[in-house]
4 protein chains.
Amino acid sequence: MSTVEVVDEEGPGRVERRRNRKVLDILTATADVLAERGYHQTNLDEIAERLDLTKASLYHYFPSKDELVTACLEWVGKLVNDRLMATAQNREGTASERLTALIRVQLDSIVREHPQMAQLFLQPLDWPESYRERTKELRKEHDEAFRTVIRDGIASGEFVVEDESTAVHCLHGAMNYVPVWFRAKRKKDYETMYETTAASLLRLFRPPAP
Amino acid sequence: MSTVEVVDEEGPGRVERRRNRKVLDILTATADVLAERGYHQTNLDEIAERLDLTKASLYHYFPSKDELVTACLEWVGKLVNDRLMATAQNREGTASERLTALIRVQLDSIVREHPQMAQLFLQPLDWPESYRERTKELRKEHDEAFRTVIRDGIASGEFVVEDESTAVHCLHGAMNYVPVWFRAKRKKDYETMYETTAASLLRLFRPPAP
Amino acid sequence: MSTVEVVDEEGPGRVERRRNRKVLDILTATADVLAERGYHQTNLDEIAERLDLTKASLYHYFPSKDELVTACLEWVGKLVNDRLMATAQNREGTASERLTALIRVQLDSIVREHPQMAQLFLQPLDWPESYRERTKELRKEHDEAFRTVIRDGIASGEFVVEDESTAVHCLHGAMNYVPVWFRAKRKKDYETMYETTAASLLRLFRPPAP
Amino acid sequence: MSTVEVVDEEGPGRVERRRNRKVLDILTATADVLAERGYHQTNLDEIAERLDLTKASLYHYFPSKDELVTACLEWVGKLVNDRLMATAQNREGTASERLTALIRVQLDSIVREHPQMAQLFLQPLDWPESYRERTKELRKEHDEAFRTVIRDGIASGEFVVEDESTAVHCLHGAMNYVPVWFRAKRKKDYETMYETTAASLLRLFRPPAP
DNA sequence: AATGAATGAGCGTTCATTCAT
DNA sequence: TATGAATGAACGCTCATTCAT
């Protein structure tokens with residue numbers, strides 16, 4: 001029962017496709033509720049209700065609340081990581097341009113697409129311990145996407161940091177905090193925020209004035 | 001029952017002093033449990049047990065769990081804000097030196113003194129809505145401590161930012177994220193981390209190389 | 001839908017034979033799970049899984065869990081009763097020899113062949129009331145097999161009892177208790193246990209020393 | 001929180017006495033429901049209802065259903081064992097008289113006083129594994145009460161058995177089965193049944209006629 | 001005949017809150 | 001002031017049963 005594997009919409013049979021579609025629906029609803037209420041105020045009844053299902057039906061797809069939430073985080077995490085990886089591996093442009101692109105992808109993901117994603121990185125104390133382990137790999141991949149570009153920048157002399165890890169952590173902390181303070185009124189606001197925030201954060205890596 | 005007012009150890013009568021001392025004990029225990037377990041895994045039984053009290057007794061001092069936690073956050077928040085304010089108002093030294101000092105105070109507070117404080121700023125989704133409002137004032141004060149110095153720096157030309165608010169938010173996000181990734185093994189580690197982190201974050205405000 | 005009738009492998013048509021074979025498979029699997037887990041820990045999913053079926057498919061053969069379990073008990077009960085009856089009706093040998101044979105058949109059935117059978121007689125309180133009634137006939141037949149021989153023994157003076165019913169109940173209680181305490185390590189152990197237990201229980205009927 | 005210790009009605013303070021009395025009430029109600037419905041059909045709501053309590057209130061006295069049931073079995077088991085021990089240690093009379101007394105005590109306990117006690121020894125498969133371990137000590141004590149007298153009888157030549165363990169197991173099996181088949185109509189019936197059953201079972205140990 | 005999906009009813013457990021003493 | 005007792009509301013989870021395909 002591989003419900004926790006990231007879902008592949010291309011199942012062979014009709015039945016599997018139906019099931020996968022349903023799993024996707026459930027993951028989407030779960031992501032929504034998580035985003036609105038947070039983990040502890042997310043209960044299975046609410047998720048089920050949004051899907052016009054009963055709580056018990058969710059257990060046909062996921063064996064527990066924790067597995068459901070984990071699957072949800074892994075699913076969204078994978079989506080984000082894929083975008084980041086694709087962006088990171090594009091070696092055109094300066095390190096600054098590439099890092100800016102990464103920051104924009106990340107901000108777009110956690111602010112607009114999947115507001116709850118930030119939680120994945122913030123790792124609140126009162127989430128079940130299991131999540132930390134289950135999403136370790138995701139966080140590692142995520143980190144690597146950024147480190148790849150940053151190390152390229154350092155190697156080429158375009159970036160200068162006192163301590164790489166510290167700088168990267170500060171970058172992540174600052175990015176993941178954005179959903180807390182940013183509220184868009186118009187669509188244009190997102191773009192402006194991405195621009196300004198990326199410019200600000202780039203300074204963590206660009207050499208300072210003497 | 002103005003339990004949410006910050007407690008003043010100097011009450012007029014003997015009885016009130018006794019009560020205030022007890023309230024302080026409760027707040028301390030609450031802060032400890034919050035720091036260890038996080039909000040949702042913090043239950044009144046555990047707080048009471050640490051105080052050799054019963055759950056019911058807590059209700060003589062705080063009318064609800066939310067009030068208790070709020071009072072706790074306000075108490076700790078006040079302590080931090082006071083330290084920050086004192087630091088911010090000391091106008092000796094360059095803006096960089098003063099901002100560095102602020103960052104060190106903040107990191108020391110949320111990493112070493114009151115690990116749960118960071119939650120106050122991260123505002124997890126699944127905390128009761130009320131906290132956000134109740135701690136608004138605290139966050140404003142806190143923000144102002146930093147803004148005071150940063151504006152001085154900008155005014156004097158020592159600091160240069162594209163957007164002040166964005167830079168400040170990034171600073172806060174990065175600082176509050178530190179408890180998530182930093183683990184000290186020796187006492188000395190704190191000092192080193194303060195140093196490196198402050199140096200890193202200062203770049204958000206120092207003029208970049210052309 | 002006479003699923004509770006004992007299944008006769010010789011159905012007229014091909015289709016019925018197929019069906020009857022399937023019913024037998026289901027009963028066998030049910031008996032296994034009942035024996036391993038006991039009634040309340042037996043769920044339809046587990047039975048279905050062992051048959052490479054789904055829970056829903058079981059409902060094509062039995063209208064409810066209770067009917068399935070009842071049918072299972074009746075099936076196994078019939079098997080045991082048939083063996084007992086055949087043994088009881090063989091009038092060769094002394095009453096002691098014939099009773100010993102019955103005891104061995106019964107022990108062999110409930111300890112080795114169908115460990116769950118004992119439950120049929122122990123009638124645990126928390127089984128649905130219906131079982132008691134549905135298996136009444138079986139218990140009666142079962143009882144009669146033993147009574148036949150015992151009465152013969154009493155009539156011939158070989159057996160002497162204060163109260164026949166009491167002695168028979170004691171016999172049953174003692175036999176059905178064997179699965180609780182007996183654990184075989186080698187095949188030979190069964191034989192030894194049959195021997196010793198039968199010898200012990202025979203005393204309930206043999207005339208005591210004066 | 002020693003709720004599982006056998007309750008001592010003599011607590012020092014008034015509060016403790018009140019609590020112990022309540023614990024006893026709960027154990028009694030639990031024993032009743034267990035006796036009527038069996039373990040799996042016993043739910044906390046029913047126990048609570050009989051006590052004019054809510055399910056949640058039970059958790060002030062016992063941390064889980066399993067602990068409650070275990071405590072109940074241990075409580076009743078202790079009562080029976082104490083009676084048995086006292087009877088066994090009285091060395092007056094012949095071994096037959098002493099064993100008869102033990103059998104009467106046991107029958108009285110499981111048929112009249114605590115009908116559910118028999119379950120303790122029958123160890124149904126579908127009870128949680130934990131019970132088997134938790135009540136091991138009780139069963140051992142129980143067994144020893146009988147063995148003491150039986151060994152005395154064997155030593156003095158009054159009893160003769162092929163295999164002591166087998167005989168004792170048969171005795172237990174037969175005794176614990178009594179609640180299944182015996183229904184008293186008048187008070188006198190108990191006495192008659194004790195008499196007849198004890199006489200019958202004694203044969204397991206008395207030397208058989210040659 | 002077979003099954004995936006769905007569900008209702010039920011259960012054990014947790015916990016903030018209330019109240020009489 | 002302190003507390004033991006009690007509780008209602010909620011939640012995660014299980015499972016026999018039903019039904020459309």
Side-chain angles (χ1 to χ4, degrees), chain A residues 13-16 18-19 22-23 40-48 51-69 128, chain B residues 15 18-19 22 40-48 51-69 128, chain C residues 15 18-19 22 40-48 51-69 128, chain D residues 13-16 18-19 22-23 40-48 51-69 128:
Chain A
R14 222 171 314 148
V15 184
E16 278 187 51
R18 260 185 82 90
R19 183 182 178 86
K22 194 95 191 187
V23 166
H40 279 97
Q41 299 197 35
T42 293
N43 58 62
L44 297 186
D45 276 316
E46 172 130 16
I47 295 173
L51 295 157
D52 267 318
L53 278 179
T54 63
K55 202 169 36 171
S57 298
L58 294 177
Y59 283 85
H60 278 279
Y61 301 94
F62 297 94
S64 72
K65 177 185 177 183
D66 280 12
E67 291 289 344
L68 171 54
V69 173
Chain B
V15 184
R18 259 185 79 90
R19 180 181 179 89
K22 196 101 192 181
H40 279 97
Q41 299 194 35
T42 293
N43 56 59
L44 297 187
D45 277 314
E46 174 132 13
I47 295 172
L51 293 158
D52 269 319
L53 273 179
T54 64
K55 200 166 40 169
S57 299
L58 294 176
Y59 283 84
H60 284 283
Y61 300 95
F62 297 94
S64 73
K65 178 185 179 184
D66 280 12
E67 292 290 343
L68 170 55
V69 173
Chain C
V15 184
R18 258 185 80 90
R19 181 182 177 89
K22 195 100 191 182
H40 280 97
Q41 297 194 38
T42 293
N43 57 59
L44 298 186
D45 277 314
E46 173 131 14
I47 295 172
L51 295 159
D52 268 320
L53 275 178
T54 63
K55 201 167 36 171
S57 299
L58 294 177
Y59 282 84
H60 284 282
Y61 300 94
F62 297 95
S64 73
K65 179 185 178 182
D66 280 11
E67 292 289 342
L68 170 55
V69 172
Chain D
R14 220 170 316 147
V15 185
E16 278 185 51
R18 259 186 82 91
R19 182 182 180 88
K22 195 95 193 186
V23 166
H40 279 97
Q41 299 195 37
T42 293
N43 58 64
L44 298 185
D45 276 315
E46 171 129 16
I47 295 173
L51 295 158
D52 268 320
L53 279 178
T54 62
K55 201 167 38 169
S57 299
L58 295 177
Y59 283 84
H60 278 279
Y61 301 93
F62 297 94
S64 71
K65 179 186 178 182
D66 280 12
E67 292 288 344
L68 171 54
V69 173

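Below, chains carry the letters A, B, ... as their sequence lines are ordered, and counting in each starts from 1.
Atom CD of A/Glu16 sits about 9.0 Å away from atom CZ of A/Arg19, to the nearest 0.5 Å. Once rounded to the nearest 0.5 Å, the distance linking CD of D/Glu67 with CG of D/Leu58 reads 13.5 Å. How far OG of B/Ser57 is from CD1 of B/Ile47: 13.0 Å, rounded to the nearest 0.5 Å.
Rounded to a whole Å, the CZ atom of B/Phe62 is 16 Å from the P atom of E/dT18. One atom, CD of B/Glu46, and another, P of E/dC15, lie 10 Å apart when rounded to the nearest Å. Atom C1' of nucleotide F/dT1 and atom OH of B/Tyr61 are separated by 6 Å, given to the nearest angstrom. Rounded to an integer number of Å, the gap from CD of D/Glu16 to P of F/dT3 is 15 Å. We find that CZ of D/Arg18 is positioned 14 Å from P of E/dA20, with the value rounded to whole Å. Atom C1' of nucleotide E/dA16 and atom CD of B/Glu67 are separated by 14 Å, given to the nearest angstrom. The CG-P distance, from C/Leu51 to E/dA2, rounds to 11 Å in whole Å. C/Leu58 has its CG atom 11 Å from the P atom of F/dT17, to the nearest Å.
Base pairing analysis places F/dC15 opposite E/dG8; the two distances defining the Watson-Crick or G-U wobble pair are each below 3.5 Å. Under the Watson-Crick or G-U wobble criterion, with both distances below 3.5 Å, F/dT21 is paired with E/dA2.
One finds a side-chain N or O of C/Arg19 lying less than 4.0 angstrom from the OP1 or OP2 phosphate oxygen of E/dA1. Of the side-chain N and O atoms in D/Lys22, none sit less than 4.0 angstrom from OP1 or OP2 of F/dG4.
Residues A/Ala48 and A/Thr54 approach most closely at CB-C, 3.5 Å, considering heavy atoms.
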Close N or O pairs between protein and nucleotides 9-12 of chain E (under 3.5 Å):
unit_1, atom_1, unit_2, atom_2, d
E/dC11, OP1, D/Asn43, ND2, 2.8
E/dG12, OP1, D/Lys65, NZ, 3.0
E/dG12, OP2, D/Leu44, N, 3.2
E/dG12, N7, D/Lys55, NZ, 3.0

Which is it for D/Tyr61 and D/Leu68 under the side-chain contact (heavy atoms from CB on, under 4.5 Å) test, yes or no, and what are the steps along the way? CA-CA 8 Å; D/Tyr61 301 93; D/Leu68 171 54; over 6 Å; no
Tell me, with the steps shown, if B/Leu53 and B/His60 meet side-chain contact (heavy atoms from CB on, under 4.5 Å). CA-CA 11 Å; B/Leu53 273 179; B/His60 284 283; over 6 Å; no
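Contact annotation: side chain of A/His60 to base of E/dA5, donor-acceptor pair absent below 3.5 Å.
B/Lys65 places a side-chain N or O within donor-acceptor distance of the main-chain N or O of B/Thr42, the cut-off being under 3.5 Å.
Nearest-nucleotide positions on DNA chain E for A/Ser57 and C/Leu53 put C/Leu53 closer to the 5' end.
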